[in-house]
Amino acid sequence: MKELVEVIARALVDNPDEVTVTEREDGRTLVLEVRVAESDMGKVIGKQGRIAKAIRSVVKAAAAKEERRVVVDIIQ
């Protein structure tokens, strides 16, 4: 999951070297924290959060195959 989110986020931003994704277990839930440069925050979130919602949908679909729950947090 981590690699999937990294690839998507790096494709969206102007500074792909500043994208970091960390994962942590929270019970049965996997939490992915995405950090990008401050200037790229709008590109990852999108208008009215549409891009962030799309990223979460793709990750949710991939997680369904593994029968896991995955949460994607975008952090500044």
Side-chain angles (χ1 to χ4, degrees):
M1 291 301 148
K2 179 180 175 182
E3 295 81 18
L4 174 64
V5 175
E6 273 186 30
V7 168
I8 293 170
R10 287 177 193 263
L12 293 171
V13 299
D14 290 333
N15 303 311
D17 296 335
E18 295 188 37
V19 173
T20 58
V21 179
T22 56
E23 58 184 2
R24 62 181 165 87
E25 292 285 334
D26 190 14
R28 288 183 38 105
T29 304
L30 176 65
V31 179
L32 298 173
E33 295 178 343
V34 181
R35 295 180 194 272
V36 297
E38 192 171 334
S39 60
D40 290 329
M41 195 59 117
K43 292 180 176 97
V44 174
I45 295 173
K47 287 187 180 177
Q48 297 180 352
R50 288 186 181 139
I51 294 176
K53 186 175 180 181
I55 292 170
R56 290 183 178 114
S57 295
V58 169
V59 171
K60 184 177 180 180
K65 286 186 173 183
E66 298 178 12
E67 297 180 3
R68 296 191 71 183
R69 184 164 189 269
V70 179
V71 175
V72 178
D73 289 334
I74 300 170
I75 300 172
Q76 188 172 15

J.: Quick one: closest heavy-atom pair of Pro16 and Arg10, and the distance?
T.: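 Between these two residues, the closest heavy atoms are O-NH1, 2.9 Å.
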
J.: Quick one: name the residues clustered hydrophobically with Val72, using the 4.5 Å side-chain heavy-atom rule over I, L, V, M, F, W, Y, and just say none if it's on its own.
T.: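 Cluster partners of Val72: Met1, Leu4, Val5, Ile8, Leu12, Val13, Val19, Val21, Leu30, Leu32, Val34, Val36, Met41, Val44, Ile45, Ile51, Ile55, Val58, Val59, Val70, Ile74.
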
J.: Who passes side chain to side chain donor-acceptor pair (under 3.5 Å) against Glu38, sequence neighbours left out?
T.: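 With neighbours one apart ignored, the set is empty.
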
J.: Members other than Val7 in its cluster, when Ile, Leu, Val, Met, Phe, Trp, Tyr link by side-chain heavy atoms under 4.5 Å?
T.: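 So far as hydrophobic clustering goes, Val7 is joined with none.
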
J.: If you look only at pairs with a residue in residues 52-74, which of them pass as a salt bridge (charged side-chain N to carboxylate O under 4.0 Å, His left out), with sequence neighbours excluded?
T.: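 Only Glu25-Arg68 qualify under salt bridge (charged side-chain N to carboxylate O under 4.0 Å, His left out).
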
J.: Which residues pass the side chain to side chain donor-acceptor pair (under 3.5 Å) test with Asp14, not counting sequence neighbours?
T.: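 Partners of Asp14 by the side chain to side chain donor-acceptor pair (under 3.5 Å) criterion, ordered by chain and then number, come out as Lys43.
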
J.: According to side chain to side chain contact (heavy atoms under 4.5 Å, CB included), who are the partners of Thr20, at least two apart in sequence or on a separate chain?
T.: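 Per chain and number, Thr20 pairs via side chain to side chain contact (heavy atoms under 4.5 Å, CB included) with Arg35.
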
